[in-house]
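Naming convention: chains lettered A, B, ... in sequence-line order (proteins, then strands); numbering from 1 in each chain.
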Amino acid sequence: MDFLLSDRQKTLREGIRGFAANVIRPQALSWDRNAGVPEPFLKQMVQMAAQMGGQLGVSLEPAVARAPDESGESGEKKKSSANLTALIGAEEMAWGDAGLLLCLPGPGLGGPPVRASGTPEQKERFFGIFKDMSETLAWGAYGLTEPGAGSDVAGIRASCRKEGGEWVINGRKCYITNGARAAWTVVFATIDPALGRAGHRAFVVEKGTPGFGVGRIEEKMGLRASETAELVFEECRVPEANLLGGEESYQSKEGFMTAMKTFDNTRPLVAAMAIGIGRAAYEYARDFVKERYLLSRSIPRYGAIAERLAKVGRQLEAARMVTWRAGWMADQGIPNAKEASMSKAIAGQAAIGACIEAIDICGAEGTIAHDHQLLEKWFRDIKVYDIFEGTGNIQRIVISKRVIEGLKGF
Amino acid sequence: MHRGEDLGRARGTMIDFAPTEEQQALQEAVRQFAKTMLAPRIRETEKLRGLAPEVQAAAIEMGLSLASIPESSGGPGFSFVTRVLLEEELAAGDPAATYGLAGPGAFALAIAELCDEARCKQFLAPFVEHPDRFGAVAWGEAKPVDSRGGFATTAKWIGNSFTLEGTKSYVVGASRAETLLVFAQVDDAADWNGVGAFVVPKHVHGISIERVTTLGLEAADVASVRLEHVRVPRASYLNEAKEWSHRLLRFFVKNALLVAARCTGLQRAAIEVTRDYVQTRTAFGKPIGHFQAVAFNISDRFIDLEASRAMVQRAAFLWDAVAAGQAEENEALLASARAIGFAQEAAMRAGNDAVQLHGGAGFMRDYPVEKYMRDAKQLQVCGMTTTQADQLASRIELGLPLEWSLLVPTAESQNVFV
C-alpha cells in the first residue's frame, strides 16, 4: 500500500495549481460572462500541454483508452499510473476553472470512441488534425443524447439508412459539448429502433457535411464558458468511410459495443473535476473563516462553523479516495464499472454540498461575483456534475446491478 | 510480518491500494477466524460480556493478543496499515468482539506513545510473557472539576510513594485487566498540564471495580475504577516524556483510528447481511432488493464502505510514513480526523439502514442487525467522538494551535470509552 504521490505527480499538481491561481482564476469570471475562452489563450494552453508531454490532465480524454506507449509514464515504471495522474491533473485544473477544462482543444469526449473502435485509417484521419494546432485549433465532440433519450441509450431515435456509398442521418442531438465548433462529432443513430442497441451505428460526422447544422447554443446555469450546442441532421449524407469501426464491427458481439465499454472511465475523471470545484469552494470558505470570524468572533460561534467546515472537508476527502481507487483499478487493468460509478455518485454530491455549505458559511458575501471571488460561480458550475456523464441515480442503477444478485434492471 | 518489511517498500513511487502479499495472508487468516469463530457466536459474546474461553484461546494462538505491541518490546511490530486491516476483518465478524480480545490493547498503544523504548519494554514484557493478559486505560471521569481544569482523581506524593484517590469511568475491560494505566492530577495548579499517568497493577490494595451496562459493545465489559488510598511507587509514574501533551493527542487519534477501522468492519457486516436479506425477502412478487429505493440505499452504503476503508488505510499509511520520516505529522492527524468522523457516521448509517431494510424483523434479536446498530452508536463514543474528530480537523485546517486539552475527550467536552 502506498498513498504518497510520486515526484512527477507532485510537480504536475504544483505546476497546474500555480498556473490556475495566477493565470486562470483571474480570467475565469470574464470567460463565464462572455460565454467562451478567447482563442489566443487556448493556443497558449495547447502549447503548454505540448510542453508538458501532451496529457497531464489537461484533456478530458481518459488515459485508459490509450495505448501503453502513449501513457507518458511507461519509461518510468512498469505499471502505469496514467489514470491516477490524469485524475490529479483534472482536479487541479477544475480547481482553477472547470469551464476552461471543457473548452480545451482536442478530441474531447469524441476521442475515446474513435480510439477504441475506429479503424486505423479513421484514427489517422480524425486524430491527424490535432497533431499540430499551433495555427488552427480543433475540437472533437460526442453526440449521443437526444431530447427524448439520455442515459437510456436504447431510446435514441436519430435514424440512419444506407443509400449507395452513403449513410443518411435524420434527427437531433442535444447538450453537445463543443458541438458547434467541433471539426467532427461522433454521432449515434439507429437503423431500426426496434433492434435496441444492436441497431445502433456510430458515425464521425464532419463539420460542413450537407444536411448537418447547428441548432441553438444553450444558455446554462453554470459552466458558461463551455459551448453546449444542439445538432440538427436533415437528410445528412455521411460517406460510408465515416461509419465508426466499419460495417463488420457491428456484426459481432465482440465488435463495436464491447469496444465502447473500454471507455467507461470518463466517470472518475468527471468525479475528479467535481472534487476540484468542491475543494475550491471549501478552501474559499476556510480562508474566509480564518481571516474574518476567527479574529472577531468568540469561540462558541466559531465552533459550529468549524464543524461544518470539517464535514465538508471529510466528504471531499472521501470522494477523492473513492475516485483515486477507481483510477488505480483502471491502471491495474481491473474492471471498475462499479467503482467508477461510485466515484461519480459520491463526488457529485460531496462537491455540491461543499458549494452550498461554503456560501452558508460566508453569508451574503459568498454570493457576490467579483474577480478573485468565484464562489457563486462554483455554485453554478457544480450542479451539473451530478447530472452529466450519468445522473446520480443512473450511477446508483449501475452500482445496484453489481451488488444485488439477479438484478438486471428496474 | 514486521514493520521493517512494511517500511522497506518503495514509498512515493506510485499510489497503490493493494495490501502486500504478507498482509493479504494475515487478512485471510483473520477473516476465516472472524467468520468461523466470532460471527456465529455474536449473541454468546454479548451475553458473556467477553469471548468464550475456546474463542479466546484460538485468538491467542493466532497471536492476536500481541498485535498492539511494538517489535522492540517483543511484539510482532505490525505497521499501522496492517493493524487497521486486521481490525476491519475482526469487526466484520463481530464489532464487539474486538473489545474482548486478550492482550494489552489500548494500554500498549498508550505506553508506546508515552514512554521511551526501555520503559515501554519493561511495561509490556508481562503481556509478551503471558499473552492471555488484559490491559486497560483508565482515562475518563464522569464530571468535570468546577474550580480548575484537569481531573478530579489526584495523585499526591506522600512519603516515598504516590497516593491515588478518585474514580475513573468508561474504562474498557477494567474488570479483567491485570494492569491499568491510570490518569490522575499530579499538579492541581497546572490544570490539564498537571495530568500524569500511572501504571497500576489491579490487585493492589484500594482498587474496586464497578461494571456498567452499555447500549452496545457488551464485550468491552466497561467499568468504573474506584481508587481509595492506592499507593504506587515513583517508577510507575509516566509524565517524564518530552512533548507529553503532544504524545497524548497522538495516542487518542491513533486509538480512534483503530475505532474507525472497526467502524469499517461493522459496515461490511451490516451491509452484507442486509444485502442477503433483501435478495431473499420477497414482496409484491419480487425480491425487495429489486426495488430501486432498496437497491439505491444498499448502493449508497457500499459507497460509504469504499470511502471509509480507503480513508482509514490512507491515514494509517501516513502514520507509518511519519514514523519513516516521509510525511508531516499534521498530515497524518488531518487524514485520521477525517477518516474517524467519516467512518463513525458511515457505520451509524449502515447500522440504521440495516435495521430499517429488515423492517420489523430487524428489530428482533433473531437477526444481528439490531446489535450492529447499537454497536455503531457505541463506536461513535469510543476513542474520540465524531465532533471531536471534526474539531481537530478544523483546527489543523485553520492553522490554530492544537491545544490537546481542547481536543481530547474529557468531561469538559464529551467523554468516550478508551
Plane angle bin for A/Phe3 and B/Phe317 - parallel if under 30°, tilted between 30 and 60°, otherwise perpendicular: perpendicular
Contact class of B/Leu392 relative to chain A, heavy atoms under 4.5 angstrom: neither
A/Ile397 vs B/Phe296 side-chain heavy atoms within contact, under 4.5 Å: yes
Sole residue of A/Ser80, A/Ser6, A/Ser81 in side-chain contact (heavy atoms from CB on, under 4.5 Å) with B/Met14: A/Ser81
Nearest-0.5 Å distance that lies between atom CE in A/Met321 and atom CZ in B/Phe17: 5.5 Å
Side chain proximity check, A/Val403 to B/Ser299, heavy atoms < 4.5 angstrom: yes
Side chain, backbone, both or neither of B/Arg275 within contact of chain A (heavy atoms, under 4.5 Å): side chain
Crowding at CZ, B/Arg281 (>12 non-hydrogen neighbours, <6.0 Å): no
A/Thr85 side, atom OG1; B/Ile15 side, atom CD1 - distance, nearest 0.5 Å: 8.5 Å
Contact check, side chains of B/Val294 and A/Ile404, non-hydrogen atoms, under 4.5 Å: no
Nearest atoms (heavy-atom pairs only) where B/Gly399 meets A/Lys290: N-CE, 4.4 Å
Non-hydrogen atoms of A/Ala318 and B/Phe342 that approach each other most closely: CB-CE1, 3.5 Å
A/Glu365, CD atom: more than 12 neighbouring heavy atoms under 6.0 Å: yes
Gap separating the CZ atom of B/Arg301 from the CD1 atom of A/Ile399, nearest 0.5 angstrom: 11.0 Å
Portion of B/Gln279 that has a non-hydrogen atom of chain A nearer than 4.5 angstrom: side chain
A/Leu4 and B/Gln326, any side-chain heavy atoms less than 4.5 Å apart: yes
Validation row: B/Ile340, A/Arg314 side chains within 4.5 angstrom (heavy atoms): no
Chain B interface, residue from A/Met329, A/Lys10, A/Glu317, A/Arg325 that has the most non-hydrogen pairs under 4.5 Å: A/Arg325
Pairwise distance CZ(B/Phe302) to OG(A/Ser400) - rounded to 0.5 angstrom: 10.5 Å
Contact class of B/Leu85 relative to chain A, heavy atoms under 4.5 angstrom: side chain
Interface residue of largest heavy-atom contact number with chain B, from A/Val398, A/Asn393, A/Leu84, under 4.5 Å: A/Asn393
Max heavy-atom pair count under 4.5 Å with chain A, selected residue of B/Leu318, B/Asp300, B/Ile298, B/Val278: B/Asp300
Straight-line distance of B/Ser394 OG to A/Lys311 NZ, nearest 0.5 Å: 10.0 Å
Spacing of CG belonging to B/Leu398 relative to CZ belonging to A/Arg286, to within rounding of 0.5 Å: 8.0 Å
B/Gln313 versus chain A, the contacting section by heavy-atom distance below 4.5 Å: both
Residue among B/Glu306, B/Met311, B/Arg314 with most heavy-atom pairs under 4.5 Å to chain A: B/Arg314
Side chains of B/Glu397 and A/Tyr282 in contact at under 4.5 Å (non-hydrogen atoms): yes
B/His290 side chain vs A/Glu405 backbone, donor-acceptor pair below 3.5 Å: yes
Structural part of A/Glu339 lying under 4.5 Å from a heavy atom of chain B: side chain
